[in-house]
Engineer: 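Quick one: the structure is below, and I'll ask about it shortly.
In what follows, chains are A, B, ... by sequence order, proteins preceding strands, each numbered from 1. Since we're looking at a predicted model, the values are computed, not measured.
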Amino acid sequence: MLKKIALFFSFIALATVFYYSLDKTKRSESKKIAKGWKKYQKVKDKTVATTIKKEELVKDKLVQKRAPASVRSRILPMRNGRFLDGAKAKDYSNMAVPLKYKNKVSPDWQKRLGHSLARFQDEGTEVLIQKERPILYINKGVAEYREQVSINFKLPNGTKSSYRAMVDSSNGRILYTYDRTKIEYFRNKPTGMTHPLAN
Amino acid sequence: MLFSSNGGKLILLVLCHFFLTSCLSSPSKGNRKKSGGVSNSPSSVAAGYGRILADNPIILSGNYNLSADTNLNTLLSSRQDFITNNQFLADECDGASTSIANCIDVRTNSTSLPLQAADKKWAFQTNTDEWLQVQTFGHMMRVADNFHSTLENAHSSAPILGYETSLPTSLFSNSTHWNTATPLVAFANCGVEDQAFYSPSKFQLCFGNDSVFPEVMIAEDNTVIYHEMGHAFNHILVNVRNRDAGITPSADLGHLFYDEAGSINEGIADLWSYFMNQRAHFAEWALGRFANLSRPMSEDDPLHAPGIAADNNSRLSYPAYLLYDPNLPDEPIEDVHTAGQIISHFLVALGKDMSTQCGWSTSTSITTLQYLLYETFVELGDLEAFGSNADKLGGINSVNLSQAHALTWSRIANPINFRRFTQVLSKYLLLIHGQAGRTSCNSTNYDMDSYEQLLDAYGLLLFKNYNEDGGSIAAGRSLSNTQITAANRVKTVTISKDLLKLDPTQNASQAFIFDNREALVQAYKSLSIGGRIGQLSDLIDVGLPYNNGNISISPGELVGVALNLYNDSNSPMAGIQVLGNDWDHGNADGKPCGTFQDQFPSSSEGGVVASDEVGLPTAGQCQYITRENGDDSVLEVMQPVCMVQVAEDNATKWTFQGALQTQRRIEDRNCLDGVGGNPNECFVRVVQGTDQATYSMLNPKSNWSSTVAPNGTPTFNYSNLIFMEVSPSTPPGTTFNCRFRVRFTNCEDCWVDPAASNTKGDDYQDYQYSGGDPFKIINFEFIVID
């Protein structure tokens, strides 16, 4: 009897040790995943969505390895965890102020965005999307859920490009883009389109 | 045991030394150039110091045929240059009395470790990556410190001078004069060929190398470093008020492959090289020596073609020299860099004029130019739409209509162009130095007549007044604007918009349709990667299988459209813009307005005519222009440009597309905008982000093709096209009419409201750009062919 009890407790002890070691591996792996980022890659006419590791982002110059020494962040008005944007939007940071909503947040907005950006691209093209800020845009008392994202393209030939976009949270549609990379070509400028009546 | 003996300790010491020294970055073996010249080794400098090239290699050597494999060590001065007292190649930026910590950071490329010098000595042989990083860092710090200190001085001067400044009061207390979330990171050798770039989203600079002469690194030329930093500064400046207000998005100075805002951006970026070294020529080494792309900034530069000179009869004027590249003077080139030269030349000449008139040193004149640019860009980029602190306090949207539509206004409706830029810059010159009572110029005010004559010599005296009252509906008709002296406008030519038309030549196409599958797929991919274009409708299939290349518009296609515009005047037109965005051309009942100059469509064609509306114009009527781009009233609806012809009562009428959808009972899911979308974009719609096309200039009595390619057929840039999607459910044989609005920069009646009660020629107020009055309306009619 005592032997059985001892065996039982030994098993429990071993199982516990085994569990925590696994969990630690999972936790250490999950720490390597970059939060807020998703990669959409064109693979054989399909778009495949995956997470992305922080080290890949550092390698692709999308984040810095070394954190900035000090960052002074401004306190911007928020409501329900979303930054307020729009003229006089800060008046609505008080939850007591009523608000009408133009749209709703769709849980797959990022997926729809990623797929729509990747679908026309060549196989092997990667589209990395980073959620930067959840936004509540308010115009004349009507609110619209939006997402501020960073969109980064990585082409199979190594070319990269990035910009920011404001996205409709209900359907992943880009409302407008900004902060686009300004490239100066010294030779081999991009070709345009041949005159349709040329031939 | 081994280490208990003295011999063992010695072995341990040797081993430790070996391993420790191997951890320090050792000079990389550049395969570029031979060593020699100044021994730029750590032992030759003090802590915190190194050596960088004082100017670019061409200037330092005096040899315009300098070889690509020149040993740059021979061009170093024995004088030491302060680099940084940090161990890593990163430092703060210093203004006159403020600083930005963690401001600039340089490394070779994204995968390299930050360059570290434990002894803080930054001297390396010039054929190493380490030296290239130090060279890049040293010049970035110099120009950044200049930017911060001059901006700070401008900010502190404004309240003393007592004019209405655009610089926010909290500019430095809120640190909105820099991106403080991350340093500006530069990659001195980022591995791209024939490129340099600035990424605002990452706040990064990248300097590549020459593909033909790979040993030539772009960052070896300090003027290119200053130019790229100039782009960063321009972007920061147009967003100062936006950062201060904590709003998104960001403004930009230049949005398309070719537009005048982008040209201004390039001209000012070149000018940053002039600000730093007072030499009116840029990039002799990196661009000039091996690619023949260096650019002058003054008419007395020997590179210029004969006939260009620094007198008011021979200036590099607008628009005559918009397509002029001094390296290829016989070949017209539509490019923001060539067009930007007009701005750089004008501002260098202005600086010289100020030195002459006011007795200022060149550096004082340069500082003055910087102040003017800071004020100008900060105002123009304000997406909160106030433009100044005073207007913000008063709630007056003097620029860019309103915060809700500021991005559209600054990019499309009332964009930054040569006219608007020079008008605002001139306003600040007037306020700070030119108005009566100012004494900065030899104890008196700067002579504005002389200034207007200089501006006119450049063809840039395009405005009739300085528009101090701005564009708001509240205050934009104050009657108090300073007028230009009409007699000063001699060379600047403005042209009536009526003379811009579709090519009337017999057999000429009214527009060019691009529908080649491969070309459109490539165009869409490229525009998408660059962030220029939005997503296509789900109805447009991947690979564009419906695109048949028949240079007509068919169901299911993605097409590019370039109107075949013609200049029917005797003077060149410039800055031509075709707008394909939604505008106020329908009434509250959803009927198209026929109340514009062309009076199309007529009443019998389904349009609303003036006689249909009685009394004073009210919201919802055709003769009433929406005050807030459709936000001011539920009766005001902005309509997409493309109307459709429908059969009604044994006649054909023009209407918006929703009527055809209803008539044909087409379900929403078969419309481009999908379920819940805009029915007036069911069949044909302009792709978001490509809702304008620009053309640099049209020669007299010419179209664009013959202007830019007089001896052949031109290649169209993507900015020359408006892209449209066509739903596969569009009935073949359907006739559409897209009502594009067109105008140009040197237009007589596109910017000044002839109906203004202020008869001195006040500019249109911002809200009026929602309507048709400032534009020539071009009807692009086409039939969708199966």
Engineer: Hey, does Met166(A) have a side-chain heavy atom less than 4.5 Å from the side chain of Pro249(B)?
Structural biologist: no
Engineer: At what distance, to the nearest 0.5 angstrom, does NZ of Lys160(A) lie from OG of Ser199(B)?
Structural biologist: 11.5 Å
Engineer: Would you say Phe290(B) and Arg187(A) make side-chain contact, with heavy atoms under 4.5 Å?
Structural biologist: yes
Engineer: Check Leu117(A) against Ser528(B) and note the closest heavy-atom contact, atom names and distance.
Structural biologist: CD2-OG, 4.1 Å
Engineer: Check whether Gln195(B) reaches the backbone of Ile183(A) with its side chain - one donor and one acceptor, N or O, closer than 3.5 Å.
Structural biologist: no
Engineer: Please report the closest heavy-atom contact between Tyr718(B) and Thr191(A), naming both atoms and the distance.
Structural biologist: OH-O, 4.2 Å
Engineer: Quick one: of Val336(B), Asn717(B), Leu287(B), who has the most non-hydrogen atom pairs under 4.5 Å with chain A?
Structural biologist: Leu287(B)
Engineer: Would Glu228(B) and Lys182(A) pass as an ion pair if we require N to O under 4.0 Å?
Structural biologist: no
Engineer: Flag the one option from Asp515(B), Thr713(B), Thr715(B) with the top tally of heavy-atom pairs under 4.5 Å to chain A.
Structural biologist: Thr715(B)
Engineer: Measure Asn171(A) against the heavy atoms of chain B and call it side chain, backbone, both or neither at under 4.5 Å.
Structural biologist: neither
Engineer: Looking only at heavy atoms and a cut-off of under 4.5 Å, which of Gly534(B), Gly254(B), Ser402(B), Ala404(B) has the most pairs with chain A?
Structural biologist: Ala404(B)
Engineer: Under 4.5 Å from any heavy atom of chain A, what part of Asn265(B) do you find: side chain, backbone, both or neither?
Structural biologist: side chain
Engineer: Could you check whether atom CD of Glu123(A) has more than 12 heavy atoms from other residues, nucleotides or ligands sitting under 6.0 Å from it?
Structural biologist: yes
Engineer: Between the main-chain N or O of Arg532(B) and the side-chain N or O of Thr177(A), is there a donor-acceptor pair closer than 3.5 Å?
Structural biologist: no
Engineer: Please evaluate residues Lys189(A) and Asp194(B) with respect to the criterion salt bridge (Lys or Arg N to Asp or Glu O under 4.0 Å), reporting the C-alpha separation (whole Å), side-chain torsions for both, the decisive distance (0.1 Å), and the verdict.
Structural biologist: CA-CA 9 Å; Lys189(A) 292 180 186 181; Asp194(B) 304 323; over 6 Å; no
Engineer: Side chains of Gln121(A) and Ile529(B): does their closest heavy-atom pair fall under 4.5 Å?
Structural biologist: yes
Engineer: Over all heavy atoms of both residues, which pair between Ile218(B) and Phe186(A) is shortest? Give the atoms and the distance, please.
Structural biologist: CD1-CE1, 3.1 Å
Engineer: Select, from Ser211(B), Gly689(B), Gly530(B), the one with the greatest count of heavy-atom pairs under 4.5 Å involving chain A.
Structural biologist: Gly530(B)
Engineer: Go through the atoms of Tyr176(A) and report whether side chain, backbone, both or neither lie under 4.5 Å from a heavy atom of chain B.
Structural biologist: both
Engineer: Does any heavy atom of chain A fall under 4.5 Å from the side chain of Ser112(B), the backbone, both, or neither of them?
Structural biologist: neither
Engineer: Considering only heavy atoms, which portion of Leu155(A) lies under 4.5 Å from any heavy atom of chain B: side chain, backbone, both, or neither?
Structural biologist: side chain
Engineer: Which atoms of Phe153(A) are under 4.5 Å from chain B, going by heavy atoms: the side chain, the backbone, both sets, or neither?
Structural biologist: side chain
Engineer: Heavy-atom distance under 4.5 Å to chain B: side chain of Ile151(A), backbone, both or neither?
Structural biologist: neither
Engineer: Heavy-atom distance under 4.5 Å to chain B: side chain of Thr159(A), backbone, both or neither?
Structural biologist: neither
Engineer: Is the shortest heavy-atom distance from the side chain of Asn720(B) to the side chain of Met193(A) under 4.5 Å?
Structural biologist: no
Engineer: Does the side chain of Asn139(A) come within less than 4.5 Å of Asp631(B)'s, by heavy atoms?
Structural biologist: yes
Engineer: Any chance you could measure Leu293(B), atom CG, to Tyr185(A), atom OH, to the nearest 0.5 Å?
Structural biologist: 14.5 Å
Engineer: Is Lys202(B) paired with Asp179(A) through a side-chain N to carboxylate O contact shorter than 4.0 Å?
Structural biologist: no
Engineer: Of Leu558(B), Leu536(B), Asp541(B), which meets side chain to side chain contact (heavy atoms under 4.5 Å, CB included) against Phe120(A)?
Structural biologist: Leu536(B)
Engineer: Got Leu197(A) and Ser509(B) here, is their nearest side-chain heavy-atom distance under 4.5 Å?
Structural biologist: yes
Engineer: Below 4.5 Å, heavy atoms only, C-beta onward: do Lys140(A) and Glu628(B) meet side chain to side chain?
Structural biologist: yes
Engineer: What part of Gln148(A) gets within 4.5 angstrom of chain B, counting heavy atoms only: side chain, backbone, both, or neither?
Structural biologist: side chain
Engineer: More than 12 foreign heavy atoms under 6.0 Å from NZ of Lys525(B): is that the case here?
Structural biologist: yes
Engineer: Counting only heavy atoms closer than 4.5 Å, note whether Leu383(B) contacts chain A via side chain, backbone, both or neither.
Structural biologist: neither
Engineer: Answer yes or no: is there a side-chain heavy-atom contact under 4.5 Å between His195(A) and Ser705(B)?
Structural biologist: yes
Engineer: So how far is it from Asn242(B) CG to Tyr178(A) OH, rounded to the nearest 0.5 Å?
Structural biologist: 11.0 Å
Engineer: Just by distance, do the side chain of Gln535(B) and the backbone of Ile174(A) share a donor-acceptor pair under 3.5 Å?
Structural biologist: yes
Engineer: Chain A heavy atoms under 4.5 Å from Glu266(B): which part of the residue, side chain, backbone, both or neither?
Structural biologist: side chain
Engineer: For the residue pair Ser201(B) and Ser162(A), confirm or rule out a side-chain donor-acceptor distance under 3.5 Å.
Structural biologist: yes
Engineer: So which atom in His255(B) and which in Arg180(A) form the shortest heavy-atom distance, rounded to 0.1 Å?
Structural biologist: O-NH1, 2.7 Å
Engineer: Out of curiosity, Thr248(B) OG1 to Leu76(A) CG, how far, rounded to the nearest 0.5 Å?
Structural biologist: 9.5 Å
